[in-house]
Amino acid sequence: MFARGAAVALYQPQWGQVRNMATLKDITRRLKSIKNIQKITKSMKMVSAAKYARAERELKPARVYGTGALALYEKAEIKAPEDKKKYLLIGVSSDRGLCGAIHTSIAKTMKNEITNLSNAGKEVMVVGVGDKIRGLLQRTHSNYFLLTFKEVGRRPPNFGDASVIASELLNSGYEFDEGSVIYNRFRSVISYKTDEKPIFSLETVAGSESLSIYDDIDADVLRNYQEFTLANILYYSLKESTTSEQSARMTAMDNASKNASEMIDKLTLTFNRTRQAVITKELIEIISGAAAL
Amino acid sequence: MFSARRLLGLGPRGLPLLRPRARAYAEPAAAGPAQMAFTFASPTQVFYNGANVKQVDVPTLTGSFGILASHVPTLQVLKPGVVTVYAEDGTATKYFVSSGSVTVHADSTVQVLAEEAVTMDMLDLATAKSNLEKAVSEMAAASDEAAKAEAQIKVEANEALVKALE
């Protein structure tokens, strides 16, 4: 009985409808900490806005570049034969949080894809670009992981990063037949969409029937071309992903600042009420003390 | 005896035979659109996007060739060298590219994606020459296969640079 009563007292909310009136000191402390947090979220929003402006500027040529690289797959309508078993999923995200649903949307799409592909009997391996992907998929899908890339998101991505990822993929020894890159495509400052772009292996492209209209291709040239296209697609997805992430972080920090200012307003009112109540109580004590004499 | 069809110059299907089969000209390729939609970009900069140009000369691993509208579809890989773009009015613009890919599709869209591409006025002949000498000495001093290959690439790129600027 006694113990349970004590346990209930521990979990009571600090403010709002409380049995014990929060003292002036508690409210002051809380107010100060929320004000500090608001300063931090405001400055994070400014930083994200600056990074977003730069990322969006760099996205424009990257989009032309990426659509150019993907044009072959679309125009030649390359499709992997149904009996090919090995699939590769690349999830593109970053290391840092506080950006809304960026990482969780990628992880959710990847989890669904893994389930669908495993049910269809294909062998799936996963590559995570960004530490958050690894963290989100670690517990349930750790045996699907082929590679993880860290230190993503600190600096704006350049083509060198994409080529590092591409060369690690090709050297990893996993002979995938087809795969897809899952990234967040930037639509506008307030919206992004999780999108998927296909990648194919050298054998799939070489064996595709529509490739015969392309003249004068030998195996070496095709292999070079494929490796370069893989790097291009990765570069494009990295650029889109960064822009989406910065805009999402801007929105998230903006909301956080707004919430913080709401809390500050409410707490200030409570503080004033409490202060007046304390003064009134002291006055009453003095008056009743004086009356008693 | 010759059949009446042969005398008339008709083949087995009743279609006119131009020449005996073994020496016929190739059929004209299914003509693509008369205009080329040319896209030339590097990861950081777009030079042309779906533009209508007359001709493009590209340096590839299998040799340099010029692309006009209705060029046969092909996939090629660029090597360090000069890409020349001839606009509709005949003016030629030159760019130096480091590497990349060229794709010509059946509908006359051409994509030249270069890893690094700069206009010629961004390059300096003296620096290129000194880089070339450094690269040659590096290649001579290289110990293992990988270092040798890297130095070789530097030598080729710098040679192309010097040749383009002279």
Side-chain angles (χ1 to χ4, degrees), chain A residues 54-55 57-78 156-163 166-167 171 202 205-206 208 210-240, chain B residues 26 29-33 36-51 56 58-65 67-68 70-80 97-118 146 149-150 153:
Chain A
R54 177 176 175 178
R57 228 178 25 234
E58 293 180 356
L59 181 62
K60 285 203 192 79
R63 265 201 176 150
V64 174
Y65 200 72
T67 37
L70 288 161
L72 172 66
Y73 292 156
E74 288 160 19
K75 294 206 189 220
E77 284 176 21
I78 299 183
N158 54 22
F159 193 78
D161 300 335
S163 46
S167 59
N171 294 341
L202 180 59
V205 171
S208 159
S210 39
L211 206 72
S212 53
I213 61 167
Y214 291 91
D215 181 52
D216 186 29
I217 302 178
D218 59 2
D220 232 358
V221 166
L222 191 58
R223 196 163 57 116
N224 266 327
Y225 187 88
Q226 267 298 97
E227 293 177 2
F228 189 63
T229 309
L230 180 62
N232 288 350
I233 296 176
L234 283 167
Y235 173 74
Y236 167 70
S237 62
L238 275 170
K239 280 293 188 197
E240 291 267 359
Chain B
M36 185 197 322
F38 177 55
T39 305
F40 175 31
S42 76
T44 47
Q45 205 178 350
V46 175
F47 299 101
Y48 296 86
N49 188 4
V56 186
V58 288
T60 70
L61 281 182
T62 48
S64 297
F65 61 96
I67 306 173
L68 289 107
S70 307
H71 192 279
V72 63
T74 182
L75 304 173
Q76 294 293 341
V77 174
L78 293 172
K79 74 166 190 237
V97 297
S98 67
S99 56
S101 66
V102 182
T103 319
V104 183
H105 295 285
D107 55 0
S108 276
T109 49
V110 178
Q111 280 106 16
V112 177
L113 302 171
E115 199 169 328
E116 299 269 355
V118 289
E150 275 183 32
I153 296 173

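Below, chains carry the letters A, B, ... as their sequence lines are ordered, and counting in each starts from 1. Computation of the quantities below employed the complete heavy-atom set of this structure, encompassing side-chain atoms and omitting hydrogens, waters and symmetry-equivalent molecules.
In terms of heavy-atom pairs under 4.5 Å with chain B, the best-connected choice from A/Leu72, A/Thr67, A/Asp220 is A/Leu72. The greatest number of non-hydrogen atom pairs below 4.5 Å with chain B, out of A/Tyr236, A/Tyr65, A/Phe159, is found for A/Tyr65. The candidate from A/Ala62, A/Ala71, A/Ser163 with the greatest count of non-hydrogen atom pairs under 4.5 Å with chain B is A/Ala71. Per-residue counts of heavy-atom pairs under 4.5 Å with chain A were compared for B/Leu78, B/Thr60, B/Thr44, B/Val112; the largest is that of B/Thr44.
Listed by chain and residue number, B/Val46 satisfy the side-chain contact (heavy atoms from CB on, under 4.5 Å) test with A/Pro61 (two or more places apart in sequence, or in another chain). Here B/Thr74 pairs with B/Gln76 under the side chain to side chain donor-acceptor pair (under 3.5 Å) rule; sequence neighbours left out.
Residue contact with chain B, scored on non-hydrogen atoms closer than 4.5 Å, involves the backbone and the side chain of A/Tyr225 alike. Contacts of B/Glu115 with chain A are made by both backbone and side-chain atoms, with heavy-atom separations under 4.5 Å. Contacts between B/Thr62 and chain A at a heavy-atom distance below 4.5 Å involve the side chain alone, from C-beta outward. Both the backbone and the side chain of B/Ser101 have a heavy atom closer than 4.5 Å to some heavy atom of chain A. Proximity to chain A is absent for every atom of B/Ala37, based on heavy atoms less than 4.5 angstrom apart. Looking at A/Asn158, neither its backbone nor its side chain comes within 4.5 Å of chain B, counting heavy atoms on both sides. Contact of A/Ala162 with chain B is not made at all, since no heavy-atom distance falls under 4.5 Å. With a 4.5 Å cut-off on non-hydrogen atoms, B/Val104 touches chain A through its backbone but not through its side chain. Heavy-atom distances place the side chain of B/Leu61, and not its backbone, under 4.5 Å from chain A.
In this structure, B/Val56 and B/Phe38 have side chains that are in contact, with non-hydrogen atoms separated by less than 4.5 Å. The shortest distance between side-chain heavy atoms of B/Gln111 and B/His105 falls below 4.5 Å.
Rounding to the nearest 0.5 angstrom, the gap separating the NZ atom in A/Lys75 from the OG1 atom in B/Thr109 is 3.5 Å.
Looking only at distances, a side-chain donor or acceptor of B/Ser108 sits under 3.5 Å from a matching main-chain atom of B/Ser70.
Across all their heavy atoms, B/Leu75 and A/Val221 have their closest contact at O-CG1, 3.8 Å. Nearest heavy atom pair, residue A/Pro156 against residue A/Arg54, reads CG-CZ, 3.7 Å.
Ring planes of B/Phe40 and B/Tyr48: parallel class, angle under 30° (limits at 30 and 60°).
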